J.: 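Please read through the structure below; I'll follow up with questions.
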Amino acid sequence: TQLLEQSPQFLSIQEGENLTVYCNSSSVFSSLQWYRQEPGEGPVLLVTVVTGGEVKKLKRLTFQFGDARKDSSLHITAAQPGDTGLYLCAGAPNFGNEKLTFGTGTRLTIIP
Amino acid sequence: DSGVTQTPKHLITATGQRVTLRCSPRSGDLSVYWYQQSLDQGLQFLIQYYNGEERAKGNILERFSAQQFPDLHSELNLSSLELGDSALYFCASSTTGIQNSPLHFGNGTRLTVT
């Protein structure tokens with residue numbers, strides 16, 4: 001089983017601050033997805049990164065896939081209360097018919 | 001709105017009982033996935049169906065079973081329920097059955113076993 005560890009587990013910061021959360025594994029993934037889940041709802045896909053070293057931007061969110069395709073980071077600039085939620089990374093296996101593996105998540109709270 | 005519909009939204013039942021959770025995938029999606037989410041275990045993959053056939057199996061207990069019908073909706077059956085089965089159960093769908101397909105999640109069924 002391929003494991004994905006996310007850090008920090010919890011993060012609470014003031015509105016307007018910047019933050020970075022991490023998704024790490026010892027396994028190589030063919031691609032990695034980031035989801036955000038709000039209370040009472042299912043996870044919603046934010047982005048998919050495929051190429052090692054790839055950087056994708058979604059407004060104030062910047063996603064990076066590690067060169068070796070084992071890790072990823074999500075950087076939020078000038079955090080807003082609407083960014084509050086559970087951020088999940090999910091790795092697609094590099095071979096065979098293994099399932100998509102979800103990380104343990106980072107629960108982010110932005111304080112107004 | 002993801003286009004994935006799950007019913008019921010909440011379910012409260014007693015230990016030993018059996019329940020059925022229902023999922024209608026997004027229009028055009030052939031693959032359905034079931035996940036269990038609890039506070040201490042995160043999002044755990046249970047099972048995947050593609051166009052009516054089982055495609056992949058995860059940490060699904062023998063007391064649990066699922067199927068996907070010809071109209072592509074899916075049901076997850078949970079039997080001999082235990083307190084530890086209390087969790088959020090999510091259904092997700094994707095266009096293809098390949099493992100790196102983006103998933104579209106429903107809003108889940110919150111199961112409480114008392």
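Please read these numbers as outputs of a predicted model, since none were measured by experiment. All chains are named by letter (A, B, ...) in the order of the sequence lines, taking the proteins before the strands, and each is independently numbered beginning at 1.
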J.: Can you find a pair of side-chain heavy atoms, one from B/L78 and one from B/Y89, that are under 4.5 Å apart?
T.: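 SC-SC contact between B/L78 and B/Y89 confirmed.
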J.: Tell me whether A/F102 shares a hydrophobic cluster with B/F45, the cluster being built from Ile, Leu, Val, Met, Phe, Trp, Tyr side chains joined at under 4.5 Å.
T.: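 Cluster IDs for A/F102 and B/F45 match.
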J.: Let me know if A/Q33 has heavy atoms under 4.5 Å from chain B in its side chain, its backbone, both or neither.
T.: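 When you check distances to chain B, only side chain atoms of A/Q33 fall under 4.5 Å.
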J.: Same hydrophobic cluster for B/L43 and B/L103, using side-chain heavy-atom links shorter than 4.5 Å among ILVMFWY?
T.: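 Yes; B/L103 is reachable from B/L43 via cluster members.
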J.: Side-chain contact, heavy-atom cut-off 4.5 Å: B/C23 with B/V4?
T.: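 In contact.
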J.: Chain A: which of B/Q6, B/H104, B/K57, B/Q37 shares the most heavy-atom pairs with it under 4.5 Å?
T.: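 Heavy-atom pairs under 4.5 Å are most numerous for B/Q37.
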J.: Cut-off 3.5 Å, side chains only: do A/T104 and A/Q9 have a donor facing an acceptor?
T.: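 Looking only at side-chain atoms, A/Q9 and A/T104 do not form any donor-acceptor pair under 3.5 Å.
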J.: Taking the inter-plane angle between the rings of B/F105 and B/Y35 on a 0 to 90° scale, is it parallel (under 30°), tilted (30 to 60°) or perpendicular (over 60°)?
T.: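 B/F105 vs B/Y35 ring planes: tilted.
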J.: Looking only at side chains, do B/S94 and B/D29 share a donor and an acceptor under 3.5 Å apart?
T.: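 No pair is found: no donor N or O on one side chain lies under 3.5 Å from an acceptor on the other.
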J.: Using a 4.5 Å heavy-atom cutoff, which residues in residues 64-88 of chain A come close to chain B?
T.: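 Only A/L86, A/L88 of residues 64-88 of chain A have a heavy atom under 4.5 Å from chain B.
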